[in-house]
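Everything on this sheet refers to the single structure shown next.
Quick caveat, the model's predicted, so the values are computed rather than measured. Atoms within a ligand are numbered from 1 in the order they appear, just like the ligands themselves.
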Amino acid sequence: MWRHYVLLALQRFFHRRQCWMGETAQMADYSPTNTILATLDNDDRRVFATELEVNTLAPHTEMYVTNGTIEQVYFPLSLVASTMIGTAALASIGNEGMLGFELVLGIEQTVGRTVVQVAGRALRMNARRFCAQLEQSPRLARVVRSYVGVVIRRLLISGACHRTHNIEQRCARLLLQMHDRVGNDSFTLTQQFFGEMMGVRRATVNPALVDLKTRGLIDYTRGRITIRDRTGLGSAACDCYRTMRLASERLTEAAGS
Ligand SMILES: [Zn+2]
């Protein structure tokens, strides 16, 4: 847990520092910040400050198409996006990561379509400029490769979670992950999203959400979730939440040191 607070302190320090240095409005004007951007050194930050653009994207916006070319990379600040194969969501990414990370492996083609699940902001950068910076900065390449490791671990844990834990535990895990990403106690999340993320029908998700609401852990009205008792939600969630978070914190820490 202490690693989480160290990372938060690091992110806040960099955010304040950007404001002090008077960097571009795009780099200074965001909160909560993106974990990968928070690990950049000064040289990378100077380049990124001139290249990044703030995007505010609505739900269901298509960020990548299936078998398309990655033209832009995105660093979510408050939005959450999911990569879909058919109707199944393979992975969701928020401010703990980036979209277009495959470029560090030399992969320029997308495997599925990526859509915005929770509206919000992301910083966008041209993919060619990003690749050029990967060539220039071994540290940046190391950070992004580490993030690829995080994604692989999350996918493996998620696959095991799907086979081992019940719908309510998985709903609680998903809610905690969303809460971490959006930086707000209240956010919009449809039952369709839960179904896509958990590989079940929407009707299967509803009783689990009702139960969490009855226990006073969340409010859920017309697709709007409000986290009422995060500690209680942590007890309701399976250990996969903590395992995923620890994997992410350890790799990010190692890459940023
Ligand atoms: Zn689980």
Ion pair present between Glu168 and Arg215, side-chain N to carboxylate O less than 4.0 angstrom?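 Counted as a salt bridge, because a side-chain N and a carboxylate O are separated by less than 4.0 Å.
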
Salt bridge Arg139-Asp44, side-chain N to carboxylate O under 4.0 Å: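 Not counted as a salt bridge, because no side-chain N and carboxylate O are separated by less than 4.0 Å.
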
Angle subtended at the Zn ion (ligand 1) by Cys161 SG and Cys240 SG, rounded to 10 degrees: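 About 110° at the Zn ion (ligand 1).
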
Mind reading off the angle at the Zn ion (ligand 1) between the ND1 atom of His165 and the SG atom of Cys238, rounded to 10°?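 Rounding to the nearest 10 degrees gives 110°.
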
His162 near the Zn ion (ligand 1): N/O/S under 2.8 Å: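 Here the distance criterion (N, O or S atom, under 2.8 Å) is not met by His162, so no.
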
Parallel, tilted or perpendicular: which describes the rings of His179 and Phe187, with under 30° parallel and over 60° perpendicular?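 Correct class here is parallel.
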
Scan side-chain atoms only and decide if Thr66 and Arg113 contain a donor-acceptor pair under the 3.5 Å cut-off.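 Arg113 and Thr66 do not have a side-chain donor-acceptor pair below 3.5 Å.
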
